[in-house]
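Worksheet: one structure, shown below.
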Amino acid sequence: MTDDLLDRPTVHALLADGTTVCVRPARPADHEQLQGFYEEMSPENLRLRFFGVSRRSAAMAADRACAPARPGYRALLAEVDGRVIGLAEYDTGGETDGGEEGGAEISIAVADGLHHRGVGTLLVEHLVSAARAEGITVFTADALSENHEVLRLFADLGLTTSRRFEGPEVRCTIHLDQDDTYLSAVEARGRAADVASLLPLLRPSAVAVVGAGRTPGSVGRAVLHHLRSGGFKHRLFAVNPGVDSVLGVPSHPSVAALPMTPDLVVVAVPATAVPAVAEECGKSGVRALVVVTAGLDHTRAQALLTACRTYGMRLVGPNCLGVSNTDPELNLDATFAAEHPRPGTAGVAVQSGGVGIALLDGLSRLGIGVSSFASLGDKFDVSGNDMLQWWESDGRTDLALLHLESFGNPRAFSRTARRVTRRIPVLTVDAGRTDAGRKAAASHTAAATRTMTRQALFTQAGITATRSVGELLETAALLHSQPLPEGPRVAVVTNAGGAGVLTADACAEAGLVLPPFTPAVIDDLLAVLPHGAAVGNPVDATAAVSEEQLTECVDRLTRCSGVDAVIVALVPTAVAAATGDDLVRAVTAAPGRRARPVIAVRLEQDRSVRLLAAADGGTIPSYAEPQAAARALAHAAKRAAWLARPVGVVPALTGVESDRARTVVADHLSQLSLARLRPAGGTLDDGGWLDPRTCADLLACYGIPQTPWAWAETEDDAVLAADRLRGFDGRVVMKAHWPGLLHKSQQRAVHLDLRGDAQVRAAFRDLETRFAGLMTGVVLQPLADRGTELFAGVVQDEVFGPLVLFGLGGTATEVLSDHAARLAPLTDRDVHELITSPRCAPLLLGANGNAPVDLEELERLLLRLSRMAADLPQLAEADFNPVLATPGGITVLDARVRLLPRRPQDPYLRRLR
């Protein structure tokens with residue numbers, strides 16, 4: 001076994017109805033149970049499986065599945081409560097690579113009474129993932145033509161499938177290419193199963209609180225009080241062996257003693273008692289737990305999660321604030337927040353209880369309210385990904401707010417977020433941007449993430465990332481109340497020149513644009529504004545402007561084709577007070593007829609953001625600071641731009657030899673292991689940097705353009721190599737090499753512009769003398785032409801997967817740090833943004849009258865680098881620096897690649913955390 005199932009022999013996943021199932025390899029000890037699994041099948045089920053009914057079929061099938069491991073064969077079981085409910089197998093006939101055609105025979109069996117719950121489909125998905133890791137490209141299966149269920153299973157997988165009828169049998173061929181169609185099909189099945197599994201958690205028909213005591217300050221009592229005072233519509237119980245009732249709620253000595261099994265149990269007992277309570281809940285048939293208790297050590301934490309997986313319970317927490325669902329038909333508030341959340345349309349999921357309280361309070365104060373809320377705490381199970389899928393399908397949520405300090409499966413989260421954020425805005429606080437913040441997150445959740453990888457995920461998924469809780473609420477207010485701007489062009493209107501200047505500065509700093517008005521627009525505005533008004537941008541309507549005049553001015557600007565949004569900056573004046581004009585009412589007069597967003601800035605406002613009631617029933621966001629208004633509008637403009645972009649695709653590449661690349665990598669790691677090499681600065685477990693020849697072979701597998709080069713280990717070999725390379729322009733470069741050498745320039749291990757044999761010999765002797773005992777040889781290359789020096793690279797993040805970096809290269813690359821990053825695999829849109837994001841982008845596009853570099857070839861280089869990173873999980877790090885970019889082409893002048901002995905993992909395989 002070469003995939004993740006080897007390291008995690010037991011994987012838990014969800015069936016279509018939300019039931020938790022264990023998927024694991026069959027073992028010799030399973031023989032008796034497997035034979036019983038077949039013997040309990042109806043004759044009809046056996047006939048469809050074995051094409052006939054025989055007393056020996058069950059024993060033979062169990063013999064095959066439980067035999068010792070053999071090349072090219074795999075059998076996976078599905079279990080619920082320790083009972084086998086399904087088995088799926090593939091067999092290549094003994095060929096470890098799938099035979100000449102890369103194929104394997106597949107068979108599936110599901111227990112009677114458990115069809116149509118997704119058991120077979122889930123097992124096949126796991127077999128597909130395992131087969132791909134072993135180089136198998138095709139499944140074949142024989143079925144009776146009347147076996148409609150298995151034929152439908154194959155047809156609905158999302159993989160390319162063909163059928164050939166042979167009398168009463170059908171020969172099915174299933175191609176295992178993992179394209180977007182297949183991933184979307186897996187997502188759809190996963191989403192339905194996930195939402196079904198969350199119903200007992202977020203729409204329970206009965207709730208019990210374990211640990212609801214008589215002490216007024218206890219957390220359990222506070223949760224029970226919230227459930228009762230919030231008007232929970234269904235059955236409510238307390239579990240406390242010492243009392244008959246708590247807060248008027250019937251109390252029972254244990255979960256097992258309850259008159260009915262609750263869907264949801266809130267656990268608020270000391271950490272030492274949590275595992276036993278979870279075990280009791282599982283045995284009683286409880287479907288979901290919210291564990292608010294903190295301070296579980298590793299042993300108790302593992303026992304809690306084991307109980308949840310064993311009995312199929314979804315878990316929020318531990319160390320959390322609780323959950324709520326404000327649906328008026330439910331009124332679930334199982335939290336110990338200070339106040340009940342106001343019903344509304346914003347979904348909220350947080351890891352920090354403190355942040356959760358702040359968001360609940362802020363959304364309630366703004367009038368946006370909350371549809372459902374989950375404080376994820378230590379996030380053992382239910383995650384932000386789960387909540388996104390819930391909000392996507394609940395029919396109530398139109399805004400999603402997240403505060404996540406860690407990610408369990410970022411690539412799966414990214415796919416979910418890309419889909420969800422096209423329907424509703426998804427906002428987050430970018431927590432842990434600094435070293436201090438990352439350390440705090442790590443100590444709080446034991447899982448800090450790198451800033452660049454997290455920002456790449458947010459950018460690619462279309463998530464609106466803010467820098468604080470306040471900014472999150474400010475942006476949510478705008479996205480909730482106003483249409484998205486079509487672009488970044490802003491018109492600023494004010495009744496005080498100074499406020500207009502401050503707002504204009506804030507817009508420019510936020511990346512927004514204040515375009516000059518056309519003469520026609522200027523004349524149009526002057527016709528409605530008082531004498532003395534300055535109609536530039538900002539528009540200074542003066543303190544003399546009336547409510548009617550300001551209303552007309554704002555209306556005309558919202559109809560102007562050169563304006564995407566209007567910010568109205570107001571200050572209270574004695575003039576308006578004397579005339580009785582309410583200038584704020586001019587802003588809120590009729591937002592429904594305005595096609596573009598209108599935002600107010602009121603410098604005297606006591607809160608950072610408010611939502612002002614409008615005449616037509618809508619709302620207008622009002623900010624106390626111009627910077628807050630500009631930031632929120634900039635976020636809205638970025639979201640509009642992201643939505644307007646076409647969905648990217650991963651382009652097909654020619655000349656890629658993935659299988660040969662995998663062989664190069666496997667051979668290198670094998671040799672490293674056999675030789676027990678320990679590279680400088682590392683250990684065997686750290687893998688090692690490729691030597692120049694192996695590195696060049698690997699790059700050639702992906703068609704990555706490299707400058708001509710030669711390897712030499714002696715002075716005479718260096719001279720001969722230089723003579724061959726001088727055919728290019730007569731000058732060569734010599735670079736020393738030894739395992740572990742990273743920064744050649746800093747080590748002064750490079751000689752440039754060598755002319756003639758004498759200079760080559762002198763350079764070699766210099767390097768050989770200075771690096772005696774280290775240097776294993778030298779690399780010679782022609783002296784490169786002039787051009788722009790760039791950097792391209794990959795870092796394999798343990799959590800996020802491969803990250804592709806791009807930016808300015810050369811010796812100053814680390815000092816200037818002008819880099820952008822995107823998660824692999826890159827789409828065509830990702831590559832375009834990667835090239836245009838760094839500050840050096842104008843150099844590539846032809847700044848100062850210079851010709852642009854070969855952008856198409858640069859895009860191809862990054863796509864090939866992305867493909868290499870996606871193909872090879874062993875690729876720990878790749879560093880192309882410099883990459884020479886000219887109008888005539890793109891060439892890698894220096895490349896370093898480091899490998900680690902890692903196994904491939906499928907980030908899109910359906911499984912619970």
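Computation of the quantities below employed the complete heavy-atom set of this structure, encompassing side-chain atoms and omitting hydrogens, waters and symmetry-equivalent molecules.
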| task | Would you check, one step at a time, whether the test side chain to side chain contact (heavy atoms under 4.5 Å, CB included) holds for L183 with R415? | result | CA-CA 9 Å; L183 293 181; R415 279 191 67 89; 3.6 Å; yes
| request: Evaluate side chain to side chain contact (heavy atoms under 4.5 Å, CB included) for L15 paired with L122, printing each intermediate quantity in order. | output: CA-CA 7 Å; L15 298 181; L122 180 65; 4.0 Å; yes
| request: Take D194 and L14 through the test side chain to side chain contact (heavy atoms under 4.5 Å, CB included) and record every step on the way to the result. | output: CA-CA 7 Å; D194 206 30; L14 298 171; 3.6 Å; yes
| field | R314 and C308: CA distance, side-chain angles, deciding distance, side chain to side chain contact (heavy atoms under 4.5 Å, CB included) verdict | value | CA-CA 7 Å; R314 296 308 305 265; C308 290; over 6 Å; no
| request: Go through the steps for K233 and E329 under the test salt bridge (Lys or Arg N to Asp or Glu O under 4.0 Å), then give the verdict. | output: CA-CA 7 Å; K233 300 290 187 180; E329 296 183 359; over 6 Å; no
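For R365, the CZ atom is densely surrounded, since the number of other residues' heavy atoms within 6.0 Å is greater than 12. Summarising the local packing, CG of D244 is surrounded by 12 or fewer heavy atoms from other residues, nucleotides or ligands at distances under 6.0 Å.
Atom OG1 of residue T421 and atom CD1 of residue I424 lie 7.5 Å apart, to the nearest 0.5 angstrom. Atom CG of L823 and atom CG of L803 lie 5.5 Å apart (nearest 0.5 Å). Between the NE2 atom in H403 and the CG atom in L376 there is a gap of 11.0 Å [rounded to 0.5 Å]. To the nearest 0.5 Å, atoms CE (M452) and CG (D797) are separated by 12.0 Å. Between F336 atom CZ and S375 atom OG the span is 7.0 Å, to the nearest 0.5 Å. To the nearest 0.5 Å, atoms CG (L912) and CG (D381) are separated by 6.0 Å.
Looking only at atom types and distance, the side chain of D394 has a donor-acceptor partner in the side chain of T397 under 3.5 Å away. Between T19 and R117, the side chains place a donor N or O and an acceptor N or O closer than 3.5 Å (distance only, hydrogens not considered). Residues S251 and N240 bring no donor and acceptor atom of their side chains to less than 3.5 Å of each other. A side-chain donor from one of T326 and R396 sits under 3.5 Å from a side-chain acceptor of the other. In this structure, a donor-acceptor pair under 3.5 Å is absent between the side chains of S383 and N385. Using modelled atom types and a 3.5 Å distance limit, the side chains of Y311 and E279 yield a donor-acceptor pair.
Checked by atom type and distance alone, the side chain of R203 never pairs as donor or acceptor with a backbone atom of L330 at under 3.5 Å. Between the side chain of S364 and the backbone N or O of R342, at least one donor-acceptor pair lies under 3.5 Å. A donor-acceptor distance shorter than 3.5 angstrom exists from the side chain of T261 to the backbone of S284, with no hydrogens or angles considered. With hydrogens and angles disregarded, no donor-acceptor distance shorter than 3.5 Å links the side chain of D333 to the backbone of L227. Panel note: side chain S218, backbone T215; a donor-acceptor pair is recorded below 3.5 Å. Looking only at distances, no side-chain donor or acceptor of S414 sits under 3.5 Å from a matching main-chain atom of P410. Q351 contributes a side-chain N or O that, together with a main-chain N or O of E405, makes up a donor-acceptor pair within less than 3.5 Å. In terms of modelled atom types and a separation under 3.5 Å, the side chain of E877 and the main chain of Q796 share no donor-acceptor contact.
Remark: E125 engages R910 in a salt bridge, criterion side-chain N to carboxylate O under 4.0 Å. For R74 and E134, the salt-bridge test passes: some basic side-chain N is under 4.0 Å from an acidic carboxylate O. Salt bridge D263/R287: absent, no basic N to carboxylate O contact under 4.0 Å. Checked for salt-bridge contact, D297 and R300 meet the test: a charged N lies under 4.0 Å from a carboxylate O. Note on R411 versus D906: no salt bridge recorded, every NZ/NE/NH1/NH2 to OD/OE distance being 4.0 Å or above. Taking 4.0 Å as the cut-off between side-chain N and carboxylate O, D30 and R24 count as a salt-bridged pair. A salt bridge between R419 and E392 is present, with a side-chain N of the basic residue lying under 4.0 Å from a carboxylate O of the acidic one. Remark: R467 does not engage D430 in a salt bridge, criterion side-chain N to carboxylate O under 4.0 Å.
S245 places none of its side-chain heavy atoms less than 4.5 Å from the side chain of P250. Looking only at side-chain heavy atoms (C-beta outward), V420 and T416 come within less than 4.5 Å of each other. Between L472 and T428, every side-chain heavy-atom pair lies at or beyond the 4.5 Å cut-off. Taking 4.5 Å as the limit, every side-chain heavy atom of E187 sits out of range of all side-chain heavy atoms of Y908. Side-chain contact check for V350 versus L402: every heavy-atom pair is 4.5 Å or farther apart. Counting heavy atoms from C-beta on, the side chains of L332 and V207 come closer than 4.5 Å. Contact annotation: the side chain of L127 approaches that of L76 to within less than 4.5 Å [non-hydrogen atoms, C-beta and beyond]. Using a 4.5 Å heavy-atom cutoff, the side chains of F373 and L321 are in contact.
Contact record, P204 with F232: O-CZ, 3.8 Å, taken as the closest heavy-atom pair. Closest non-hydrogen pair, A278 versus L304, comes out as CB-CD1, 3.7 Å. A271 and L296 make their closest contact through CB-CD1, 4.0 Å (heavy atoms, listed as atom of the first residue, atom of the second, distance). Summarising the geometry of A876 relative to R902, their closest heavy-atom pair is CA-NH1, 3.9 Å, with the distance given to 0.1 Å. When all heavy atoms of A238 and L224 are compared, the closest pair comes out as CB-CD2, 4.0 Å. Listed here is the closest heavy atom pair of V269 and G211: CG1-CA, 3.9 Å.
The aromatic rings of H226 and H340 sit tilted relative to each other, their planes meeting at an angle between 30° and 60°.
Taking the ring centre of F800 as origin, the terminal cationic atom of R454 falls outside the region bounded by 6.0 Å and 45° from the ring axis.
Of the listed residues (V429, V370, L401), just one forms a side-chain contact (heavy atoms from CB on, under 4.5 Å) with L359, and that residue is L401.
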